[in-house]
Amino acid sequence: MNPLTSVKGMRDILPPSSAVWNQVEAAARRIFARFNYREIRTPILEETALFARGVGEETDIVSKEMYTFEDRDGTSLTLRPENTASVLRAYIQQRLDQEPGVHKLYYIGPMFRRERPQKGRYRQFYQIGAEAIGSDSPAIDAEVIQMVLAILDEVGIAGYKLLINSVGSKESRARYNEILREALREAAPQMCGDCRRRAETNPLRVLDCKVPEDQPIIEKLPSILDSLDESDREHFRRVREFLDDLGIRYTVNPRLVRGLDYYARTTFEVTHGALGAQNAILGGGRYDGLAEILGSKVPAPGIGFSIGEDRLVMTAEEAQAMTPAVLDLYVAPMGEAALRHALVLATEIRKTGISVEVSTDRKLKRMLEIANKTGARYTLIIGDNEIASQSYTLKNMATGEQTSATRQKLLEHTQWLK
RNA sequence: GCGGCUGUAGCUCAGCUGGUAGUAGCGCCAGAUUGUGGUUCUGGAUGUCGAGGGUUCGAAUCCCUCCAGCCGCCCCA
């Protein structure tokens with residue numbers, strides 16, 4: 001029988017990579033705290049109807065990528081493919097609209113989409129996201145964008161590119177769809193096969209086409225920005241103005257259309273060259289009207305983003321932006337008595353806040369080898385001599401220098417651990 | 001869901017047009033040193049050659065199917 005393996009597209013995250021994940025998450029949490037965003041944890045499993053209505057029946061996500069199954073009572077359940085619908089559901093269900101102020105929430109966790117796996121795309125993938133619910137002020141849009149860029153900076157990512165656009169209200173978007181469809185009746189026959197198909201099924205996606213020959217044709221298609229109504233236009237103008245005030249550099253890309261049905265007005269995306277075909281490291285946008293779609297009687301305009309954590313970690317690892325975990329002290333006890341002594345001593349030293357591992361190997365040579373390979377900064381040798389003299393041998397692994405140290409000195413680690 | 005490429009030791013890979021796998025590099029283990037690592041030297045272990053089936057006297061090598069990974073499409077984070 002073959003050994004069991006993980007499910008296709010789902011992977012194990014092992015050390016030392018797991019440390020990078022933790023550092024990325026810690027960096028994000030620091031930034032969220034500075035912007036007064038609080039964590040929300042929603043269930044990984046929701047009723048299928050939530051995503052069908054919230055994300056949109058016609059989207060690829062809902063129509064072909066969800067992990068859906070029947071619960072024992074016949075209810076259709078789905079492993080969340082994204083988290084905005086869940087957060088909005090919680091907002092409505094928990095009546096957060098009855099509390100004052102804008103709700104600023106963040107989440108970190110796994111999402112599930114049954115797509116073909118490739119670099120930067122997994123069936124279980126992780127998102128770090130945030131939602132600001134309860135305001136349609138363009139200042140919130142700018143702040144959300146500023147915050148997500150601050151996370152990238154905190155993680156140590158450079159060389160990314162911010163793209164922004166406005167897809168307008170639901171009404172202007174529908175109007176634009178018609179205009180585009182009309183224009184494509186002329187243009188599509190000269191375009192690639194995919195575009196000819198998209199001209200019928202999803203005209204907005206034509207704008208995303210990467211076939212070089214199609215680019216001149218796409219340039220000439222009407223821009224969505226010309227279809228915006230006066231209030232959308234003003235909203236977008238003010239978002240840009242705020243971004244300018246904040247010194248944030250961006251490119252307006254009228255062809256940036258996002259795949260989820262709920263986006264309205266501001267949309268944005270950050271790409272990074274190191275990622276390959278899946279070059280979007282994060283995406284987001286405003287979703288005024290989503291609450292009503294989910295059955296809320298009160299409107300709850302909002303904007304949010306989600307970062308592809310897998311992609312962020314990949315970029316951080318390539319940029320070597322994170323520092324590996326180090327072991328401060330490796331304790332090498334020789335013999336049974338020394339081991340008993342070491343366990344007690346290690347307990348005391350750990351209380352001072354440094355990392356300590358006690359070896360269970362027997363030979364000193366072996367123990368030093370392990371200390372070296374694990375990258376321990378110091379090794380503490382405990383043998384009969386040391387127990388008798390109440391003075392241990394402390395070895396600096398980088399220099400090889402050995403000094404003797406009493407229990408008291410070890411506990412005051414600032415003396416020796418630089 | 002579609003297309004292309006790849007799949008030999010823990011990792012990176014060699015193995016020409018079929019003759020039953022490599023003193024390969026790195027890593028791992030042991031010894032040179034029964035209380036001293038990183039350098040060096042010596043020795044050692046490890047493969048159902050991704051899985052299954054077929055062709056053949058004989059398959060890692062050719063054919064088919066499946067699986068996995070990568071790349072691209074679709075789409076997205």
Side-chain angles (χ1 to χ4, degrees), chain A residues 1-3 5-11 55 58-65 80-84 108-129 148 192-195 197-198 201-202 204-205 208-211 256-260 263 267-272 275-285 304-315 330 332-335 338 359 361-386 392-402:
Chain A
M1 201 189 333
N2 291 330
T5 59
S6 60
V7 173
K8 180 191 180 99
M10 305 195 180
R11 60 196 183 133
V55 179
E58 303 309 317
T59 60
D60 280 20
I61 291 176
V62 172
S63 64
K64 53 192 189 200
E65 294 173 1
R80 64 182 186 196
E82 61 103 52
N83 207 27
T84 299
I108 298 175
M111 310 293 157
F112 303 84
R113 291 182 203 171
R114 199 179 185 292
E115 296 183 88
R116 189 90 142 115
Q118 67 185 69
K119 185 175 184 172
R121 188 166 80 189
Y122 306 96
R123 289 183 173 183
Q124 175 173 334
F125 62 103
Y126 295 79
Q127 288 190 332
I128 299 174
V148 77
C192 69
D194 280 334
C195 282
R197 182 177 49 75
R198 285 184 286 225
T201 57
N202 193 351
L204 285 176
R205 294 244 69 88
D208 246 4
C209 179
K210 281 147 199 134
V211 177
L256 176 67
V257 285
R258 320 226 81 260
L260 283 61
Y263 283 117
T267 60
F268 57 95
E269 180 172 296
V270 170
T271 59
H272 195 283
L275 289 170
Q278 311 303 324
N279 67 348
I281 200 166
L282 67 93
F305 63 79
S306 65
I307 303 174
E309 190 177 356
D310 303 75
R311 295 176 188 180
L312 182 58
V313 167
M314 194 192 310
T315 311
Y330 188 82
M334 291 187 291
S359 176
D361 269 294
R362 307 213 147 257
K363 296 162 75 175
L364 180 61
K365 177 180 154 59
R366 173 75 184 158
M367 292 191 280
L368 281 160
E369 264 173 33
I370 301 287
N372 189 51
K373 280 167 189 162
T374 50
R377 296 172 63 191
Y378 285 85
T379 297
L380 188 70
I381 299 167
I382 305 179
D384 295 339
N385 301 342
E386 281 80 0
Y392 310 99
T393 303
L394 183 64
K395 178 164 186 142
N396 180 325
M397 296 303 285
T399 64
E401 181 194 356
Q402 291 190 179

Which part of the nucleic acid, if any, lies within contact of [X], taking any heavy atom under 4.0 Å across all strands shown: a base, the sugar-phosphate backbone alone, or nothing?
X: A:D310; result: nothing
X: A:Y330; result: nothing
X: A:M397; result: base
X: A:G400; result: base
X: A:K395; result: base
X: A:L282; result: sugar-phosphate
X: A:G9; result: sugar-phosphate
X: A:A332; result: nothing
X: A:R362; result: nothing
X: A:Q402; result: base

Pairing partner of [N] (Watson-Crick or G-U wobble, both distances under 3.5 Å):
N: B:rA45; value: none
N: B:rG27; value: none
N: B:rG72; value: B:rC2

Exercise for review: Applying side chain to side chain contact (heavy atoms under 4.5 Å, CB included), run through A:D384 and A:M334 and close with a yes or a no.
Suggested key: CA-CA 8 Å; A:D384 295 339; A:M334 291 187 291; over 6 Å; no
Round to the nearest Å and state the distance from [X] atom [atom1] to [N] atom [atom2].
X: A:I281; N: B:rC76; atom1: CD1; atom2: P; answer: 18 Å
X: A:R80; N: B:rC76; atom1: CZ; atom2: P; answer: 20 Å
X: A:Y122; N: B:rG69; atom1: OH; atom2: C1'; answer: 10 Å
X: A:L368; N: B:rU36; atom1: CG; atom2: C1'; answer: 5 Å
X: A:I370; N: B:rA30; atom1: CD1; atom2: C1'; answer: 13 Å
X: A:E65; N: B:rC76; atom1: CD; atom2: P; answer: 8 Å

As a test of reading the structure: which of [options] is closest to the side chain of [X], going by heavy atoms?
X: A:D60; options: B:rU36, B:rG35, B:rC74; answer: B:rC74
X: A:Y263; options: B:rG35, B:rA77, B:rA30; answer: B:rA77
X: A:K365; options: B:rA77, B:rU33, B:rC28; answer: B:rU33
X: A:K8; options: B:rU36, B:rA77, B:rA68; answer: B:rA68
X: A:Q118; options: B:rC73, B:rG37, B:rG69; answer: B:rC73

Please give the distance between the [atom1] atoms of [N] and [M] as a whole number of Å.
N: B:rG19; M: B:rU56; atom1: C1'; answer: 12 Å
N: B:rG10; M: B:rA45; atom1: P; answer: 15 Å
N: B:rG3; M: B:rG15; atom1: C1'; answer: 30 Å
N: B:rU6; M: B:rC13; atom1: C1'; answer: 13 Å
N: B:rA60; M: B:rC49; atom1: C1'; answer: 5 Å
N: B:rC11; M: B:rG53; atom1: C1'; answer: 31 Å
N: B:rU40; M: B:rG47; atom1: P; answer: 28 Å
N: B:rC66; M: B:rA24; atom1: C1'; answer: 33 Å

Practice item. Identify, with sequence neighbours excluded, every residue that meets side-chain contact (heavy atoms from CB on, under 4.5 Å) alongside A:T399. Key: A:N396, A:E401
**Study point:** Non-neighbouring partners of A:N385 that pass side-chain contact (heavy atoms from CB on, under 4.5 Å), sequence neighbours left out
**Key:** none
**Study point:** Under the salt bridge (charged side-chain N to carboxylate O under 4.0 Å, His left out) test, residues paired with A:E65 that sit two or more places apart
**Key:** none
Exercise for review: Indicate whether OP1 or OP2 belonging to B:rG31 is found under 4.0 Å from a side-chain N or O atom of A:K363.
Suggested key: yes
Practice item. For B:rA30, take OP1 and OP2 only and decide whether either is under 4.0 Å from a side-chain N or O of A:R366. Key: yes
Review point. Got a second to check how far A:Y392's OH is from A:T379's OG1, nearest 0.5 Å?
Key: 16.0 Å
Practice item. Test side chain to side chain contact (heavy atoms under 4.5 Å, CB included) on A:R11 and A:D310 and set out the steps. Key: CA-CA 11 Å; A:R11 60 196 183 133; A:D310 303 75; 2.7 Å; yes
Check whether the side chain of [X] and the base of [N] form a donor-acceptor pair under 3.5 Å.
X: A:E386; N: B:rG35; result: yes
X: A:E369; N: B:rU36; result: no
X: A:N372; N: B:rG37; result: yes
X: A:R113; N: B:rA77; result: yes
X: A:D384; N: B:rG35; result: no
X: A:R311; N: B:rC76; result: yes

Any side-chain heavy-atom pair from [X] and [Y] closer than 4.5 angstrom?
X: A:R114; Y: A:K64; value: no
X: A:E82; Y: A:V55; value: yes
X: A:M10; Y: A:F112; value: yes
X: A:H272; Y: A:L312; value: no

Practice item. Nearest-nucleotide wise, let me know which of A:G284 and A:V7 is further upstream toward the 5' end of RNA chain B. Key: A:V7
Check your understanding: So which one's nearest nucleotide on RNA chain B is more toward 5', A:G308 or A:M334?
Key -> A:M334
Check your understanding: What closest approach, in Å, do A:T267 and A:L256 show between heavy atoms, and which atom pair accounts for it?
Key -> OG1-O, 3.7 Å
Practice item. Can you see which heavy atom on A:E386 is nearest to which on A:I381, and at what distance? Key: CG-O, 3.4 Å
Check your understanding: Which residues satisfy the ring-ring contact (aromatic ring centres under 6.0 Å, His included) test with A:Y126, sequence neighbours excluded?
Key -> A:W21
Check your understanding: Near RNA chain B, which residues from residues 376-383 of chain A have a heavy atom under 4.0 Å away?
Key -> A:I381
Exercise for review: Could you check A:L282 against A:F268 for side chain to side chain contact (heavy atoms under 4.5 Å, CB included), going step by step and ending with a plain yes or no?
Suggested key: CA-CA 9 Å; A:L282 67 93; A:F268 57 95; 4.0 Å; yes
Write down the protein N/O and nucleotide N/O pairs, taken from nucleotides 3-7 of chain B, whose separation is under 3.5 Å; answer none if there are no such pairs.
none

